[in-house]
Each structure stands twice: as C-alpha cells, then as structure tokens.
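Reminder, nothing fancy here: chain letters follow the sequence lines and each chain counts from 1.
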Amino acid sequence: MKLLVPVKRVVDYNVKVRVKSDQTGVELTGVKMSMNPFDEIAVEEAVRLKEKGIAAEIVAISIGPAACGETIRTALAMGADRGILVETEASPEPLAVAKMLRAIAEREQPGLVIMGKQAIDDDMNATGQMLAALLGWPQGTFASKVEIAGDTATVTREVDGGLETVALTLPAVVTADLRLNEPRYASLPNIMKARKKPIETIKPADLGVDPAPRLTVLKVTEPPKRQAGRKVGSVAELVDKLRNEAKVI
Amino acid sequence: MTALVLLDHENGRIKQPSRSAVAAAAKLGEVHVLVAGTDAGAADAAARLPGVARVLRAADVAYDHALAEPLAALLVSLAGDYSHLLAAATAIGKNVMPRVAALLDVQPISDIAGVESEDVFVRPIYAGNALATVRSADPKKVITVRAASFDPVAEEGGSAPVADIPPAGGGERSRFVSAELSKSERPELTAARVVVSGGRGMQSGDNFHLLDPIADKLGAAVGASRAAVDAGFVPNDYQVGQTGKIVAPELYVAVGISGAIQHLAGMKDSKVIVAINKDEDAPIFQVADYGLVADLFTALPELKAELEKA
Ligand SMILES: Cc1cc2nc3c(=O)[nH]c(=O)nc-3n(C[C@H](O)[C@H](O)[C@H](O)COP(=O)(O)OP(=O)(O)OC[C@H]3O[C@@H](n4cnc5c(N)ncnc54)[C@H](O)[C@@H]3O)c2cc1C
Ligand SMILES: Nc1ncnc2c1ncn2[C@@H]1O[C@H](COP(=O)(O)O)[C@@H](O)[C@H]1O
C-alpha cells in the first residue's frame, strides 16, 4: 500500500509571532520555519507503517513556495521515499490544498493519506476532512492510534469526552493528534540519504486547481494584551483577594 | 438570511458550546437548528432554546455517534435553504463542518471569535497571537464557532416547531466501534465557571488528586497542560490549549504550569487567572492576575484548608 503524507512548512512553534504594524499579517521575515508539528507525527506514523510492512511506499507532499522543498527533505530524512512539491507563491487555503491533494491522490492511488490535524499557523483544522470529502473517502480525524488490517483502518480518536474508536474502509484519510506517536529525529546518514531521494516539482495548474483564496484577510491585529497582575505573599492573601477583590469565589 | 446550526447534544440536553453557536448564529439572521440522532428529548430541548425559529430532527440511528460522513451528507442535503451553516468548534463540529464545506465547494471559516457582518468574521490564528478579520466570498458560509467567545443562549425560553427530516445516507464506509469516555461528576471543562488545571509540576496522576478537594469546593472542572496529558497523569480530554480545549471561565487556576503560548491560547480569555508556580520567572505570571510563587505541594493543602474556612 502507498501512503501520502502532506507536510506544511510553518513558523516554528517556539516563535512568538508579531503582528505587522500595517495590520496586513504577521512578521515572517527572518523567522524560523519548520515542518508543522502534527505533520511530523503523521510522517512518523507512516514510517512506522512501512517498518511494520504494511506500507510499501511513502510520498511526502508540500504545497507552497520553493522553500517547502526543505520540509519535504525533512520528511525524506525521516523515512519517506519521494516527494512532490506543488509550487505556489503563497500557501493556499485548505480548500485549494485539498483539491490539489485530491488530484495527486487520484494519480497516485494511495491506500491511506495521513496528515496533521491542524496547521499551527492558520489553525484551520480542516484540510484532512476536506480531502476526505472530495475523494468520497471516510475520515479518522484527531487520531491517537491507527491499526491497519486488510482493507480496514481502526482509528482511535481524541474527542471532547475522551476517546472514540471508528473503523474505516480503505482508502481513507487519517489526521494525527499529539499522542499518536513521538516523531524521531532524522539521523545524519538518513539526512545524507534523503538528498538523493527524488522530489518532483509541479504547479497547481498541472493539477487543474485554481489556488485563488475565497477568504480575503481584511486585517490582522494583535489580541488585547493581558496585564500581569501582582504576586501575592501567601495562600491566605490569595483567597482573600479572590473573595473580596475579584469576587470570583 | 437564515442560518442552520448543528447541535451537540447528550442525554436530552443541548451542550453549552452549541448554545454559544446559536448565539453567534443569531447575529446573522433567523436561526434553525439540526438535531441528529435518536437522543430522546434533544429536539424538544432544542425547541426551548431562545431565538430558535425551527428545529430539524433527523431521528435516525445513523447519526447516534455523530460520524462525520453521514452527518456531513445530511447537512449538505439541507444546505440549499441556508446562507450560513454553523456548529460549535467541538470535536464533532471540527470533524463535520470542513467536510460539509468541501462538499459545497466552500472554504470553511474555522473557530470564529467574532461576527462583524454576514460575511466578515474574526478568527484567531497562530495560537491566538493574532486575530484575523476575514471576508468570505463564498455564496454560503460554513463556520465553526469558538464557544468561549460567545455567551451561550439560555436553555429555556423558546418554543420552536419541530420538523422531522429524512436521513441522507453517506455512512457506508465508516463505522463506530467503541468509546472510552471519562466519567466525572464535575462540570464540563468548556462549560465550567471555574477551572483548576495542573501541569507537569504535578509530577504524577496521583498528585492530580490534590486538585480534587479544591475543585470540589469551587465547583470547578479540572484541566491540564499538554505535558501533563502526554505524561499520562490525566486523560486527553483534560487538555487546555491551542490544540486542546478553549476555555474562558470566571476563574482559571494554573498549578505547576509554565505558561507556554500553546497553553495560553486555550485560557488567556479567562476573567481572572491565578498561577501557582515555584519559578517566579514562569511566563504564566505574565498573564496571571494573582500569582503565588510557591511549591504546589505546600500551597495546595493550604489552599484546601483556607477554602474550607468558609
Ligand atoms: C503542536 C503543539 C501543540 C501544543 N498544544 C498544546 C496545548 O493545547 N495545550 C498545552 O498545554 N500545551 C500544548 N503544547 C505544549 C506546550 O508547548 C508546552 O510544552 C506545555 O504547555 C508545557 O506544559 P507544562 O507547563 O505543564 O510543563 P512545563 O513547561 O514543564 O512546566 C512545568 C511548570 O511547573 C512548575 N513546577 C514544577 N514543580 C513545581 C512545584 N513543586 N510547585 C510549583 N510549581 C512547580 C515549573 O516551575 C514549571 O513552570 C503544544 C505544543 C506543540 C508543539
Ligand atoms: N500547504 C500545505 N502543504 C502540505 N500540506 C498541507 C498544507 N496545508 C495544509 N496541509 C495539511 O493539512 C493539515 C491541516 O491543515 P489545516 O487544515 O490548515 O489546519 C496539515 O497538518 C497538513 O498535513
């Protein structure tokens, strides 16, 4: 079985982003970029499925500027076999991304697409569900466990009340939650090997997709700042303040 | 302009986040709601929500576990009549609504924190470090609602008619197997007036019980940081943050939590924040109204005793 793993290049999770003063977006120049953390988890899961002999080939896909090739290299160093870079000027919205991924899935015929549940830049939490819909496939979102047997994926999902398990008939889309696994670090030999793995570069038009956004960003602003309050000297003082000053207990 | 809201319900009650979604929808126009599944009494409970003009009931077992595939098909079958389709950004809403959007060829607007007009919405990005105001050019808007940003409508006060609607298929390739739900007598995290959360500083699941008497006394829900969940101290559904639950209670008490941006993203809109941490430089103190620099293992028993003093 072939696996597709879409990986997004995002601002590193350790960076505290700053809103631009002209309110057009956040400051991205000189900021550290990394693979979306949930996508690392997705790549790790794919590699484990390959190590278990369930998957035969892993194709990492990234959509965005040429620099997304680095993100694909990271996936290749972790154990993916080849990459597809869909080069666009900006990172498109989930709808356009899902359409491009659908076109690639139709060409590649994977048994499973594993991706992140959420990109930590746009915080949309949408692309996997949308890809599944466009392909007419079932979806196992927010996965903390994935088991493949025959043509069925049994997926344990993190839901509001705890955990839920669903059985999906393959092919399907799974989106990774934080507890699915702990991604490995790529070893130096594997980073070297990844340099030789192939990356195909294509354009959205090759996939017949118009990446024009449906949402116009009118402005990006800073959220209201919270003032640090004060330190209290004792538990008794804390309780007194909560009772008589804040009046919340 | 009529909006349709997919409601989360359980044991004949409408969940609070969905009542916030109804409040958001009411800013857009007339509100209809969809209750799917055989949960007895849920449609009647929906009919009593103030501001609801009509309840659509799809009382079919196909919807009992809120699987995305059949629910999305159902919403798509109803979409023709509506300008806006909404759900709370709960596990169900987040799972279903993007699927609906894709089937309608619409870019969803996830996790809105504000409604500016029928096509302009505010939503947090980058773990809430920025707020984007976006205009949707789609003919229909498919939206999930950040419940913490909208005061929920009351449970009682309305009397909408209930109409039965037929199922719409779509469940052929997914099947519910089982659920392992946390049982608790406490209020739900996203509905609680007070939340007491523990972090890695709690050191173990056993130690988390130090929070119990305090939560009991305050009528609080218990939450956690990702580190506490990853370490196995508490189940996943306790996680507060960018990728966990978003809460905005009257009082949030963070115990042994450093205050990473991903955690702050889930709680910084709380009215009053208390932090107990032994590291006086912990970033959590930058957002705390009241900070106590102390070892939690001495502070928590003291806090319990102080709260018991009436
Ligand atoms: C993609 C992604 C998503 C994430 N999503 C979330 C999320 O949704 N929610 C979330 O919480 N995190 C999330 N995180 C993780 C986040 O970055 C932090 O790692 C996490 O919040 C840290 O948890 P913590 O504060 O409990 O642990 P730590 O950062 O280890 O802090 C422990 C704190 O406890 C204090 N302490 C220790 N012992 C004591 C004691 N005896 N008495 C008093 N204080 C003590 C320490 O001083 C320290 O400040 C995410 C990370 C990533 C990469
Ligand atoms: N531009 C992109 N390139 C590759 N994968 C993407 C892209 N955008 C989104 N994804 C995938 O979709 C997931 C969810 O993203 P989102 O719906 O934007 O929160 C991510 O974790 C990625 O796996």
Residues A:Val159, B:Asp237; criterion side chain to side chain contact (heavy atoms under 4.5 Å, CB included); working and verdict: CA-CA 7 Å; A:Val159 295; B:Asp237 52 292; over 6 Å; no
Under a 4.5 Å heavy-atom cutoff, which of B:Leu189, B:Asn236, B:Ile109, B:Asn129 has the most pairs with chain A? B:Asn236
Top of B:Ala265, B:Ala275, B:Ala288 for chain A proximity - count of heavy-atom pairs under 4.5 angstrom: B:Ala288
Smallest heavy-atom separation, B:Gly128 atom then A:Pro223 atom, equals O-CG, 3.2 Å
Whether A:Arg226 and B:Asp289 form a salt bridge (side-chain N of Lys/Arg under 4.0 Å from carboxylate O of Asp/Glu) is what I want to check. yes
Rounded at 0.5 Å granularity, tell me how far CG in B:Leu131 sits from CD in A:Glu222. 9.5 Å
Residue part contacting chain B, namely of A:Val26, when any heavy atom lies under 4.5 Å: side chain
Sub-3.5 Å donor-acceptor pair from the side chain of A:Asp123 to the main-chain atoms of B:Ile125, do we have one? no
Between A:Lys99 and B:Asp105, does any side-chain N to carboxylate O distance fall below 4.0 Å? yes
Got B:Ser174 and A:Val166 here, is their nearest side-chain heavy-atom distance under 4.5 Å? no
Please look at B:Glu302 and chain A and tell me whether the side chain, the backbone, both or neither of the residue comes under 4.5 angstrom of a heavy atom of that chain. both
So which of B:Thr133, B:Val229, B:Val134 has the biggest tally of heavy-atom pairs under 4.5 Å with chain A? B:Thr133
Turns out that what part of A:Val19 lies under 4.5 Å from chain B's heavy atoms comes down to side chain
For the pair B:Arg193 (side chain) and A:Val248 (backbone), establish whether a donor and an acceptor sit closer than 3.5 Å, ignoring hydrogens and angles. yes
Are the side chain of B:Arg173 and the backbone of A:Thr169 linked by a donor-acceptor contact shorter than 3.5 Å? yes
Gap separating the CG atom of B:Asp138 from the CG atom of A:Leu215, nearest 0.5 angstrom: 7.0 Å
Under a 4.5 Å heavy-atom cutoff, which of B:Arg99, B:Arg175, B:Glu306, B:Glu180 has the most pairs with chain A? B:Arg99
With chain A, the option among B:Thr190, B:Ile273, B:Thr298 that has the most non-hydrogen atom pairs under 4.5 Å is B:Ile273
Do the side chain of B:Gln107 and the main chain of A:Arg214 share a donor and acceptor less than 3.5 angstrom apart? no
In terms of heavy-atom pairs under 4.5 Å with chain A, which of B:Thr243, B:Leu218, B:Asp269 leads? B:Thr243
For B:Arg123 and A:Asp122, indicate whether the former's side chain and the latter's backbone hold a donor-acceptor pair under 3.5 Å. yes
Does the side chain of A:Glu237 pick up a donor-acceptor pair with the side chain of B:Tyr290 at under 3.5 Å? no
Is there a donor-acceptor pair under 3.5 Å between the side chain of A:Asp160 and the backbone N or O of B:Ala91? yes
Where on B:Ala299 is there a heavy atom nearer than 4.5 Å to chain A: the side chain, the backbone, both, or neither? both
Contact origin within A:Lys117 toward chain B - heavy atom pairs under 4.5 Å: side chain
Side chains of A:Asn125 and B:Ser110: donor-acceptor distance under 3.5 Å anywhere? no
Interchain contact, B:Val120 with chain A, by part (heavy-atom threshold 4.5 Å): side chain
Mark yes or no for whether A:Gln139, through its side chain, and B:Ala68, through its backbone, hold a donor-acceptor pair below 3.5 Å. no
